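It should be emphasised that the depicted structure is a prediction, and the values quoted were computed from it without experimental measurement. Just so it is clear: chains get the letters A, B, ... in the order the sequence lines come, proteins before strands, and each one is counted from 1. Worth knowing before you read on, the calculation uses all heavy atoms, side chains too, and leaves out hydrogens, waters and symmetry mates.
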2 protein chains.
Amino acid sequence: MGAMRTKNVADEVTRAALDLFSTRGYANTSVQQIVEAAGVTKGAMYHYFTSKDDLLFAIYERMLSLQKSRLDEITARGGAPEEVLRAVCVDVLETSIEFLPEGTVFFRSVHMLSEERQKEVTRRRREYNDEFATIIERGQAAGVFRDDVPTAVLIAHFFSDVHYLSHWYRPEGPETKTEVAQQVTDLFLRSIRKET
Amino acid sequence: MGAMRTKNVADEVTRAALDLFSTRGYANTSVQQIVEAAGVTKGAMYHYFTSKDDLLFAIYERMLSLQKSRLDEITARGGAPEEVLRAVCVDVLETSIEFLPEGTVFFRSVHMLSEERQKEVTRRRREYNDEFATIIERGQAAGVFRDDVPTAVLIAHFFSDVHYLSHWYRPEGPETKTEVAQQVTDLFLRSIRKET
DNA sequence: CTCATCAAACCGACTAGACGGTATGATCGC
DNA sequence: GCGATCATACCGTCTAGTCGGTTTGATGAG
């Protein structure tokens, strides 16, 4: 009877939505397709989510809080700017590879969210960005990072790699996520290090 | 008489579509909105385009052929790998900034094209990619570029910057397109140069 | 010049169906 | 019998694309 059927509706729906959004795109996925893939009905779904939009936001929410908490943890440990930056870069790259479908959906469909929720996403990303900028500025003050290029360009140069992962990295490919994270971080650190 | 051509319906529609797709997104833009913004009627539009999809592809087509022909031109000039690579990078970055709305639409909405046309886009981009890879491989053979990191990672590291431009660069911001193109190219070249 | 002819360009009301969301009520643990 | 959890049928809206008809402009005969 009930013992078998304890699957969480909300989780199943989120999982199915992530899968469909990342492969077919948000706009090309109907609520009907989602609930069918999740093995539930529309009524059940709308009991837990207020809209399709809400479903998309849930995916973002999970990723944003995860990455932010990991960043906080690393910066809290402290250390030399270059080592902190290295740890942060490797971590966000690895995490982004682990959550590759989320990333695909993220960068492709933010603009489909309501104005209000886009603002929220932007706010949260700016928080992350500012904390990242602080690390770089500490490095510049310590004379280990270059300051002849605008900080905004340096930051964009790194986050571009994070964004682009979902466009080229394939888990079944030759490199592990750890290798790629190290390699990309090295490339980035090499380019921002002050030449001696 | 060519000089005094009446305003071309196809051009007006393409322009309006680009504008709306880049601001509201492909899925959020109706054909009706496009034709209204272009000052034409649906009938006129469907006389020149077979579908909404067709309109999106036209935007891609223009960008793909432009960038490919520029790449061909630069490689045809020849020269030392590092200088060729620098010229190619600066050029694609500058061009991408000039065509920022196209880029926004491009990276956001490729997956909305028909399977067939996605294949075509992929094919054309691979052509560009392969030519780019050849330059890097020549540099590696000449001993000026590092070969301790997979070429695929090096390439992705550069194209990530190109993709990401539309996410952060603002024409009204402090840096000109030429400055940014130079700065980003320098960062990239620094990271792929073999250390001596 | 006038007018007939024809094809391309263009118009816009209309359709068919998909889709997000809801109203209603059944089921069940407590 | 009461709230939470879901199932089902349904609704109003929106939209890509169509189609019969109209305008325009080029051509050429008289």
Side-chain angles (χ1 to χ4, degrees), chain A residues 1-21 23-60 105 109-118, chain B residues 1-21 23-60 105 109-118:
Chain A
M1 271 261 291
M4 283 276 287
R5 284 211 159 259
T6 35
K7 276 266 183 198
N8 192 334
V9 172
D11 283 353
E12 278 302 300
V13 170
T14 310
R15 197 193 48 72
L18 173 61
D19 182 44
L20 288 166
F21 289 168
T23 54
R24 302 199 191 328
Y26 177 78
N28 282 339
T29 303
S30 71
V31 172
Q32 195 57 45
Q33 288 174 304
I34 295 170
V35 297
E36 270 164 27
V40 301
T41 61
K42 255 195 195 184
M45 191 220 106
Y46 274 99
H47 183 72
Y48 293 98
F49 299 93
T50 67
S51 64
K52 189 186 173 189
D53 179 296
D54 198 30
L55 221 42
L56 183 58
F57 187 72
I59 294 172
Y60 290 172
V105 176
S109 310
V110 217
H111 64 289
M112 304 295 272
L113 284 174
S114 69
E115 193 95 2
E116 194 180 313
R117 284 185 151 161
Q118 276 188 56
Chain B
M1 32 174 36
M4 198 46 205
R5 214 75 187 114
T6 60
K7 67 167 188 243
N8 194 334
V9 171
D11 283 353
E12 280 300 301
V13 170
T14 310
R15 197 193 47 72
L18 172 61
D19 182 42
L20 289 166
F21 289 168
T23 53
R24 303 204 199 311
Y26 177 78
N28 283 338
T29 304
S30 72
V31 173
Q32 196 57 46
Q33 287 174 304
I34 296 169
V35 298
E36 270 164 26
V40 302
T41 62
K42 244 188 186 182
M45 192 221 107
Y46 275 101
H47 185 73
Y48 293 98
F49 299 92
T50 68
S51 62
K52 189 185 173 189
D53 178 299
D54 199 31
L55 220 43
L56 184 59
F57 187 73
I59 294 171
Y60 291 171
V105 176
S109 311
V110 217
H111 64 288
M112 304 296 272
L113 284 173
S114 68
E115 193 95 2
E116 195 180 311
R117 283 184 152 161
Q118 276 190 55

Can you measure [X] atom [atom1] to [N] atom [atom2] for me and round it to whole angstrom units?
{"X": "B:I34", "N": "D:dG17", "atom1": "CD1", "atom2": "C1'", "value": "13 Å"}
{"X": "B:E36", "N": "C:dG12", "atom1": "CD", "atom2": "P", "value": "11 Å"}
{"X": "A:M45", "N": "D:dA4", "atom1": "CE", "atom2": "P", "value": "19 Å"}
{"X": "B:D54", "N": "D:dA16", "atom1": "CG", "atom2": "P", "value": "14 Å"}
{"X": "A:L55", "N": "C:dC19", "atom1": "CG", "atom2": "C1'", "value": "15 Å"}
{"X": "A:N28", "N": "D:dA16", "atom1": "CG", "atom2": "P", "value": "12 Å"}

| query | Got a sec, which residues hit side chain to side chain donor-acceptor pair (under 3.5 Å) with B:D54, two or more places apart in sequence or on another chain? | reply |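 Per chain and number, B:D54 pairs via side chain to side chain donor-acceptor pair (under 3.5 Å) with B:R117.
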
The criterion is salt bridge (charged side-chain N to carboxylate O under 4.0 Å, His left out); which residues satisfy it with [X], sequence neighbours excluded?
{"X": "B:D19", "answer": "none"}
{"X": "B:D11", "answer": "none"}
{"X": "A:R15", "answer": "A:E12"}

| said: By the ring-ring contact (aromatic ring centres under 6.0 Å, His included) test, which pairs, at least two apart or in different chains, include something from residues 28-55 of chain A? | reply: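 Sorted result for residues 28-55 of chain A: empty, none.
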
| Counting only side-chain N and O atoms of A:H47, is one of them less than 4.0 Å from OP1 or OP2 of D:dC6? |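 Checking A:H47 against D:dC6: no side-chain N or O falls below 4.0 Å of OP1 or OP2.
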
Find every protein N or O atom lying less than 3.5 Å from an N or O atom of nucleotides 20-22 of chain C, and list the pairs.
residue, atom, partner, partner atom, Å
C:dG20, OP1, A:K52, NZ, 3.0
C:dG20, OP2, A:V31, N, 2.8
C:dG20, N7, A:K42, NZ, 3.2
C:dG21, OP2, A:Y46, OH, 2.9
C:dG21, OP2, A:K52, N, 2.9
C:dG21, N7, A:K42, NZ, 2.9
C:dG21, O6, A:K42, NZ, 2.5

| message | So does B:V110 get a backbone contact from the side chain of B:Y60, meaning a donor-acceptor N/O pair under 3.5 Å? | response |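 Yes; judged by distance alone, with no hydrogens or angles, the pair exists.
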
